[in-house]
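What you see below is based on every heavy atom in this structure, not just the backbone, and it leaves out hydrogens, waters and symmetry mates.
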Amino acid sequence: MAKKSLYQKFIDFKHRHSLSNENIAKIVTEYADSDLNFARSFFKQKYGISESTFYKVRDFAVICCLVDTKTCQRLQSKAAANYSSNNVQNSSTASIAHFKDLLKMRQEYLDDFSAEEIQDIANKYVEGVSVDNIAIAYDTGSFAIRWLLKKGVIMLILDANIISQMRRLLGDRLNHLLEIRKANKTALLVCIEKEIDFLKMQIKYYKLYFRNSIDKPTLEFLNDKLSQAIKMHKQAFQL
């Protein structure tokens, strides 16, 4: 049986406990923003959930980006303080380690979005769909959508046409990301150009370069790779 993805576990959890993203974000944000005296027991009683469910609500809110970075930081601080005051060693080490794991899973969750999904998110955004509504469509939080849009810009996932439309919408607010994008484009072009030069040399001096190779590639294979690299260079240049 295939291992369940984080997302599928999240879906199953929400269905099992009749919870929505909005409910989860509300509970966790209230907890993060409240005084230390308002611990998990208060929120368990207020929302009629078990201790185990409360912890999973908190963890999924972090992992699936239902709360932003500042709320995550407040959550970590409060959880560490509560953990420290309720264990013999008065240490928050375990709580801090747990939140590091949550943030690692959060990054894995974000990295799981494909280039096609990021392109679709950007298309919706430039068409005027709000970040909140895009988040609903992708069953996540607005933080994730903003993060993915930024990734699309700086990692050259979005083409020049989408970038132009985003510039019209955001103006100077996009300048910093565009500077990073420009530097990344330059680096990518340099990498591809070096690959093209190397492949050309391998082809030109094929017998010499592969003179001691038992498992050498064919000239046809190298020429195919060269054609792909030239095509990639053209596409990257147009970004």
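- Using a 4.5 Å cut-off on side-chain heavy atoms (C-beta onward), L199 and I196 make no contact.
- By the 4.5 Å heavy-atom criterion applied to side chains, V153 and L149 are not counted as neighbours.
- Sequence neighbours left out, the pairs with a member in residues 126-138 that pass side-chain hydrogen bond (donor to acceptor under 3.5 Å, both in side chains) are D120-Y138, S130-N133.
- No side-chain donor-acceptor contact under 3.5 Å links D68 to the backbone of F143.
- Under the side-chain contact (heavy atoms from CB on, under 4.5 Å) criterion, L169 pairs with Y125, V126, not counting sequence neighbours.
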Exercise for the section: Tell me, with the steps shown, if I163 and L178 meet side chain to side chain contact (heavy atoms under 4.5 Å, CB included). Expected result: CA-CA 9 Å; I163 295 298; L178 292 177; 3.7 Å; yes
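- The side-chain contact (heavy atoms from CB on, under 4.5 Å) check on R146 picks up V131, S142, with sequence neighbours excluded.
- The minimum heavy-atom distance linking R181 with L239 is given by the pair NH2-C, 3.7 Å.
- K151 pairs by the salt bridge (Lys or Arg N to Asp or Glu O under 4.0 Å) definition with nothing, not counting sequence neighbours.
- Residues E108 and K104 are in side-chain contact: their nearest non-hydrogen atoms beyond the backbone lie under 4.5 Å apart.
- Side-chain contact between F198 and Q202: present, with at least one pair of heavy atoms (C-beta onward) separated by less than 4.5 Å.
- Linking ILVMFWY side-chain heavy atoms closer than 4.5 Å, directly or via other members, places I192 and L156 in a single hydrophobic cluster.
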Practice task
Evaluate side chain to side chain contact (heavy atoms under 4.5 Å, CB included) for I203 paired with K200, printing each intermediate quantity in order.
Solution key: CA-CA 5 Å; I203 292 166; K200 284 180 176 178; 5.8 Å; no
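- Judged as a side-chain contact (heavy atoms from CB on, under 4.5 Å), and not counting sequence neighbours, the contacts of N161 are D159, Q165.
- Pairs of residues two or more places apart, or lying in two chains, that qualify as ring pair (Phe, Tyr, Trp, His ring centres under 6.0 Å) and include a residue from residues 103-122 are Y109-F113.
- The main-chain N or O of H176 is never found under 3.5 Å from a side-chain atom of E179 such that the two would form a donor-acceptor pair.
- Remark: S34 engages K78 in a side chain to side chain donor-acceptor pair (under 3.5 Å) (not counting sequence neighbours).
- Looking at every heavy atom in both residues, T140 comes nearest to C64 through OG1-O, 2.9 Å.
- Side chain of S77 to main chain of Q73: a donor-acceptor pair is present (N/O by atom type, distance under 3.5 Å, no hydrogens or angles).
- With sequence neighbours excluded, the residues forming a side-chain contact (heavy atoms from CB on, under 4.5 Å) with K100 are I96, listed by chain and number.
- Residues passing the side chain to side chain donor-acceptor pair (under 3.5 Å) test with Y206, sequence neighbours excluded: none.
- Hydrophobic clustering (ILVMFWY, side-chain heavy atoms < 4.5 Å, transitive): L177 and W147 are in one cluster.
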Practice task
Show the numbers, then the answer: is there a side chain to side chain contact (heavy atoms under 4.5 Å, CB included) between L158 and M166?
Solution key: CA-CA 10 Å; L158 305 177; M166 289 180 72; 3.9 Å; yes
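- The backbone N or O of L103 lies less than 3.5 Å from no partner atom in the side chain of R106, so there is not a single donor-acceptor pair.
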Going by atom type alone, with no hydrogens or angles, which donor-acceptor pairs under 3.5 Å involve a side-chain atom of residues 213-227 and a protein atom two or more places apart or on another chain?
| from | atom 1 | to | atom 2 | distance (Å) |
| --- | --- | --- | --- | --- |
| T218 | OG1 | F221 | N | 3.0 |
| N223 | ND2 | L219 | O | 3.0 |
| S227 | OG | N223 | O | 3.1 |

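- Within the model, atoms OG of S41 and NZ of K44 stand 6.5 Å from one another, a figure rounded to the nearest 0.5 Å.
- Put simply, L75 and F13 are part of the same group of oily side chains (I, L, V, M, F, W, Y) that touch within less than 4.5 Å, one to the next.
- The six-membered or imidazole ring of F42 lies near that of F38, with a centre-to-centre distance under 6.0 Å.
- The aromatic rings of Y7 and F10 sit tilted relative to each other, their planes meeting at an angle between 30° and 60°.
- For K185 and F237, the positive end sits near the middle of the six-membered ring, less than 6.0 Å away and at most 45° from its axis.
- Between G152 and I118 the shortest heavy-atom distance is CA-CG2, 3.8 Å.
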Show me, pair by pair, the donor-acceptor contacts under 3.5 angstrom made by side chains of residues 15-33, not counting sequence neighbours?
| from | atom 1 | to | atom 2 | distance (Å) |
| --- | --- | --- | --- | --- |
| S20 | OG | E22 | N | 3.4 |
| S20 | OG | N23 | N | 3.1 |
| S20 | OG | N23 | OD1 | 3.0 |
| N21 | OD1 | K14 | NZ | 2.6 |
| N21 | ND2 | D139 | OD1 | 2.9 |
| N23 | OD1 | S20 | N | 3.1 |
| T29 | OG1 | A25 | O | 2.7 |
| E30 | OE1 | K46 | NZ | 2.8 |
| E30 | OE1 | Y47 | OH | 2.9 |
| E30 | OE2 | Y47 | OH | 2.8 |
| Y31 | OH | N82 | ND2 | 3.3 |
| D33 | OD1 | R74 | NE | 2.7 |
| D33 | OD1 | R74 | NH2 | 2.9 |

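- Linking ILVMFWY residues whenever their side-chain heavy atoms come closer than 4.5 Å, directly or via other members, leaves L188 and I157 in distinct clusters.
- The number of heavy atoms from other shown groups lying within 6.0 Å of CG (N175) is above 12.
- Partners of Y55 under the ring pair (Phe, Tyr, Trp, His ring centres under 6.0 Å) rule, at least two apart in sequence or in another chain, do not exist in this structure.
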Handout entry: side chain to side chain contact (heavy atoms under 4.5 Å, CB included) between C72 and V67, worked out
Key = CA-CA 7 Å; C72 285; V67 291; 3.9 Å; yes
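- Taking the side chain as every heavy atom from C-beta outward, I230 and K234 never approach each other to under 4.5 Å.
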